[in-house]
Amino acid sequence: MLKPRVEAPDDLNPQETAEWVEALDEIVDQVGPDRASYLLEHLMERAANLGVRVPLRWNTPYINTIPPEEEVPYPGDREMEWRIKCLARWNALAMVVRANKHDANIGGHLATYASLATLVEVGYNHFFRGSYQDPAAGKLAGDFVYFQGHASPGMYSRAYLEGRLNEQHLANFRHELRDHPGLSSYPHPWLMPDFWQFPTVSMGLGPIGSIYQARFMRYLENRAIIPKTQRKVWAFLGDGETDEPESLGALTLASREKLDNLIFVVNCNLQRLDGPVRGNGSIIQELEAAFLGAGWNVIKVIWGAGWDDLLARDSSGLLIKRMHECVDGEYQAFRAMDGAYIRKEFFGKYPELLKLVENMSDQQIWDLRRGGLDPHKVYNAYHRAMQQNGRPTVILAKTVKGYGLGETAEGRMTAHQTKKIGDADLLKIRDRFKLPLSDEAVTHVDFFRPPEDSPEIKYLRQRIEAQGGPLPARVVKPIEIKAPALETFKEALEGSRGREASTTSAFVSVIKSLMKSPELGKLVVPIIPDEARTFGMESLFREYGIYANQGQRYKPVDSNVLLYYKEAQNGQILEEGITEAGSMASCIAAGTAYANYGVPMIPFYIYYSMFGYQRVGDLVWAFADSRGKGFLMGGTSGRTTLLGEGLQHQDGHSPLLFSVVPTCAIYDPAYAYELAVIIQDGIRRMYQEMEARFYYICVYNENYPQPPMPGIEHGVSPELRDGILKGIYKLRPAEKGPAVAQLFGSGSILNEALKAQQILAERYQVAADVWSVTSYNELRREGLAVDRWNRLHPTESPRVPHIAKLFENEPGPIIASSDYMKAWPDQLSPWLGARLHTLGTDGFGRSENREHLRHFFEISAEAIVQATLSTLAREGKLDAERAKAAIAELGFDPEAADPVTR
Ligand SMILES: Cc1ncc(C[n+]2csc(CCOP(=O)(O)OP(=O)(O)O)c2C)c(N)n1
Ligand SMILES: [Mg+2]
């Protein structure tokens with residue numbers, strides 16, 4: 001029978017407690033820790049069955065996860081590898097110090113790589129594979145390594161030793177705009193497209209990116225698009241970096257999806273930029289609990305080999321106790337001081353521990369290394385991580401920030417920002433690294449690469465060959481796919497035949513046609529963060545399946561209906577759940593697969609547009625940096641078209657936000673045929689012409705009749721197609737022309753412009769032309785490019801931007817109305833000047849219906865009419881009193897507060 005709980009003070013019966021502890025001590029002493037662990041587990045199970053609440057602990061002791069007796073021997077030549085590492089470290093340091101000597105404040109980081117060198121060098125020499133050999137497919141891409149961004153000097157100096165970069169490259173670190181090739185500050189595929197694969201320097205993007213990369217790798221394997229290999233995704237991250245929500249936010253996805261192709265290495269140097277990561281606590285223990293709780297394998301590499309003997313000799317248990325007691329702020333201080341300090345402050349706390357080190361000199365105590373700086377310990381951790389057991393692995397490696405850099409940086413609060421090292425320290429480092437450099441060469445901070453036939457370079461080459469090639473390397477194989485003919489999207493081109501439909505449903509028809517295409521269908525990757533039903537895409541579930549690594553282990557509740565919720569191991573849809581960051585990370589993996597895997601996957605990431613750029617802008621930036629391709633579809637677009645939802649849902653600015661990304665083409669189509677033209681051409685440009693660009697396209701949920709493409713009965717009009725792609729075409733000229741005003745509309749609001757055209761004609765006898773503006777931004781970019789050319793060619797006859805040419809002979813003011821902020825159409829001001837008058841949705845959204853919203857934001861048909869009349873009046877083309885009277889007629893109050901203020 002269960003006993004009622006009593007409030008127990010700390011210890012009801014100290015003697016009994018002591019007996020239990022003694023019994024445990026005896027077991028450990030006589031039989032060993034494994035038996036103790038077995039007994040405890042057994043006891044816990046029993047306790048649970050008796051209804052005892054077993055105290056949960058997500059921590060193991062503050063020692064290495066792999067005990068010495070389980071270690072495997074190191075396979076490499078330790079001495080040789082040490083020499084190579086010293087060379088890599090010297091040149092990395094030289095890059096930064098030289099850069100700042102010649103150009104003060106150009107920046108760069110020394111301390112991060114100093115702490116990371118062993119972790120990456122062991123990887124380079126023994127784990128990271130440059131390629132995989134497949135019996136059928138031949139040479140395949142190698143492992144994917146996400147390097148800590150600000151450790152880039154280390155990766156460059158390694159590539160220098162490998163002969164992939166030359167001295168000029170290193171000398172021009174952070175000088176990318178000189179006569180000789182330079183190196184980018186951090187990993188940027190945009191800037192170094194043959195070298196870097198993954199932009200990581202914005203903290204947190206590497207971790208989440210690598211998780212979704214590992215998942216996407218499995219997706220491609222399970223769909224039989226790539227062969228299965230032993231390929232791994234390695235992600236190196238800083239301990240400070242783990243504070244970013246993106247770093248730890250997707251951990252459970254990795255364990256749920258059983259991603260044993262994923263290895264995180266957290267460089268726990270205990271410091272971030274300003275100071276300690278957890279001065280008052282322990283970042284390693286904190287991360288251990290988080291990762292264990294999320295279902296990962298956790299391998300702690302805390303202590304170097306020197307500590308093994310001390311731990312073995314300590315029978316008091318005080319050494320581990322002391323290791324636990326010290327907080328990270330103290331550990332940091334130990335490394336910033338010296339051996340005597342460590343003896344006094346660390347061992348000195350207990351006489352037993354002082355005794356333990358009595359035969360060691362201060363130097364020997366100082367030389368006791370941390371696990372992440374000991375190649376043997378690191379090798380063993382990596383070796384264990386390679387064993388697949390259905391779970392991702394994290395290695396928590398304790399290191400020292402600024403390790404070996406001497407008094408200026410090692411363990412100092414200012415380590416992160418240190419860019420200069422004094423001559424005395426440089427000479428010490430030279431001696432320590434045993435580099436054959438004269439004092440003069442050291443003070444000049446010369447780079448140093450041993451000759452080609454030196455043992456070091458020979459060893460290096462032999463290791464690279466054994467690993468299947470060097471890393472990082474970004475190789476883009478030519479791809480040969482053809483964009484589908486525009487006619488593939490017949491349904492969209494022919495319109496909805498009077499039926500009301502939204503551009504979102506037009507998009508669904510376009511993606512379905514694409515997925516049916518025999519050549520391209522399997523390359524399409526629909527990515528949806530729990531909004532498929534919102535967009536009417538649930539019919540894809542049944543037909544193409546939702547990707548699920550375990551298939552479907554349950555009978556879905558709707559299995560009796562035709563379009564049931566089908567999960568499948570080879571499912572094509574990535575149903576991500578409610579994670580825009582995760583979905584964007586998937587989009588990055590899919591949109592860069594043409595380079596990383598040699599398969600030109602075409603992502604279509606469709607989402608609630610308000611939760612797009614504004615939420616995951618930095619990932620979008622990284623997508624562009626990665627030369628990502630694909631389509632981002634902003635669903636439920638527009639501040640007034642998404643009715644009812646209100647302030648946090650109604651999006652009036654995404655296109656503007658996307659316009660900051662140089663490789664993003666932004667379109668705001670109104671009709672199904674426009675959408676089809678844009679997507680078809682997008683595939684052509686991105687995948688056939690291999691242009692580095694991607695698309696953001698607004699799609700709306702307002703239903704209206706989708707007209708057929710004008711003239712489609714005679715085939716696609718090239719001029720119309722051209723207009724749609726350039727960003728504008730005349731949709732409906734004034735019936736009783738010539739027009740005295742021009743109306744611009746896009747997306748759903750094009751219908752308001754058409755309605756306005758009618759009201760103007762019927763009620764006010766004003767003739768206006770209506771234009772569909774599919775992309776203000778494409779027009780602006782063309783205009784800017786032409787302006788630049790003119791600026792740089794003052795003696796030649798000026799070129800005229802498309803938009804200016806188009807309106808040279810079109811009379812009257814231009815009234816642009818948009819479901820986005822006024823700044824969106826205003827992009828054309830440089831070429832349309834005072835003729836352009838914009839109506840837009842600046843301000844906060846409201847929960848209302850479309851009619852009220854459009855009236856409130858003054859973008860409705862009536863608002864367009866009112867603006868046109870007023871503008872004509874100001875230009876002297878209409879009686880001002882007539883324009884004034886129209887304000888009330890059209891339902892406006894001239895004294896009402898501006899919506900932007902309400
Ligand atoms: C999102 C973001 N915020 C801030 C920074 C600026 N920054 C660069 S490195 C750094 C500290 C990194 O500390 P940690 O992750 O522990 O790496 P360590 O250098 O110690 O290995 C910061 C704040 C950044 N790169 N990205
Ligand atoms: Mg750190």
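For ligands, and for the atoms within them, numbers begin at 1 and follow the listed sequence. Just so we're clear, the structure is a prediction, and the values are computed from it rather than from any experiment.
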Just checking [X]: does its [atom1] atom have more than 12 heavy atoms from other residues, nucleotides or ligands closer to it than 6.0 angstrom?
| X | atom1 | result |
| --- | --- | --- |
| Lys101 | NZ | yes |
| Arg164 | CZ | yes |
| Glu345 | CD | yes |

Without hydrogens or angle criteria, can the side chains of [X] and [Y] be said to hold a donor-acceptor pair below 3.5 Å?
| X | Y | value |
| --- | --- | --- |
| Tyr146 | Gln213 | yes |
| Glu576 | Ser586 | yes |
| Arg615 | Tyr613 | no |
| Lys300 | Gln285 | yes |

If the cut-off is 2.8 Å, does any N/O/S atom of Asn267 fall short of it from the Mg ion (ligand 2)? no

Less than 4.0 Å from atom 6 (C) of ligand 1, is there any heavy atom belonging to the protein? no

Taking the six-membered ring for Trp and the full ring for Phe, Tyr or His, determine whether the centres of Phe144 and Phe198 are under 6.0 Å apart. yes

Are Tyr607 and Tyr605 an aromatic pair, judged by ring center distance below 6.0 Å? yes

Has ligand 1 got any nitrogen or oxygen that is less than 3.5 angstrom from a nitrogen or oxygen of [X]?
| X | answer |
| --- | --- |
| Gln271 | yes |
| His150 | yes |
| Thr112 | yes |
| Val277 | no |
| Gln148 | yes |

With a cut-off of 4.0 Å, which atoms of ligand 1 are near a heavy atom of [X]?
| X | answer |
| --- | --- |
| His416 | 9 (S), 10 (C), 11 (C), 19 (O) |
| Lys401 | 18 (P), 19 (O), 20 (O) |
| Asn267 | 21 (O) |
| Arg272 | 13 (O), 16 (O) |
| Glu241 | 14 (P), 15 (O) |

Is it the side chain (CB and beyond), the backbone, both or neither of Asp239 that lies under 4.0 Å from ligand 1, heavy atoms counted? both

After noting the C-alpha distance and the side-chain angles of Glu121 and Arg158, does the key distance pass the salt bridge (charged side-chain N to carboxylate O under 4.0 Å, His left out) rule? CA-CA 9 Å; Glu121 280 297 316; Arg158 167 92 189 186; 2.6 Å; yes

Could you check [atom] against the protein and tell me its nearest heavy-atom contact, residue, atom and distance included?
| atom | result |
| --- | --- |
| atom 25 (N) of ligand 1 | Val201 O, 2.9 Å |
| atom 2 (C) of ligand 1 | Met203 CG, 3.4 Å |
| atom 14 (P) of ligand 1 | Gly240 N, 3.6 Å |
| atom 22 (C) of ligand 1 | Leu273 CD1, 3.9 Å |

If you measure from each heavy atom of Ser202 to ligand 1, is any distance below 4.0 Å? yes

Is it true that Glu244 lies under 4.0 Å from ligand 1, counting heavy atoms only? yes

Can you classify the ring geometry of Tyr62 versus Trp303 as parallel (below 30°), tilted (30 to 60°) or perpendicular (above 60°)? perpendicular

Angle subtended at the Mg ion (ligand 2) by O of Gln271 and OD1 of Asp239, to 10 degrees? 110°

So, taking the atom named CG in Leu396 and the one named CD1 in Ile284, what distance separates them when rounded to the nearest 0.5 Å? 6.5 Å

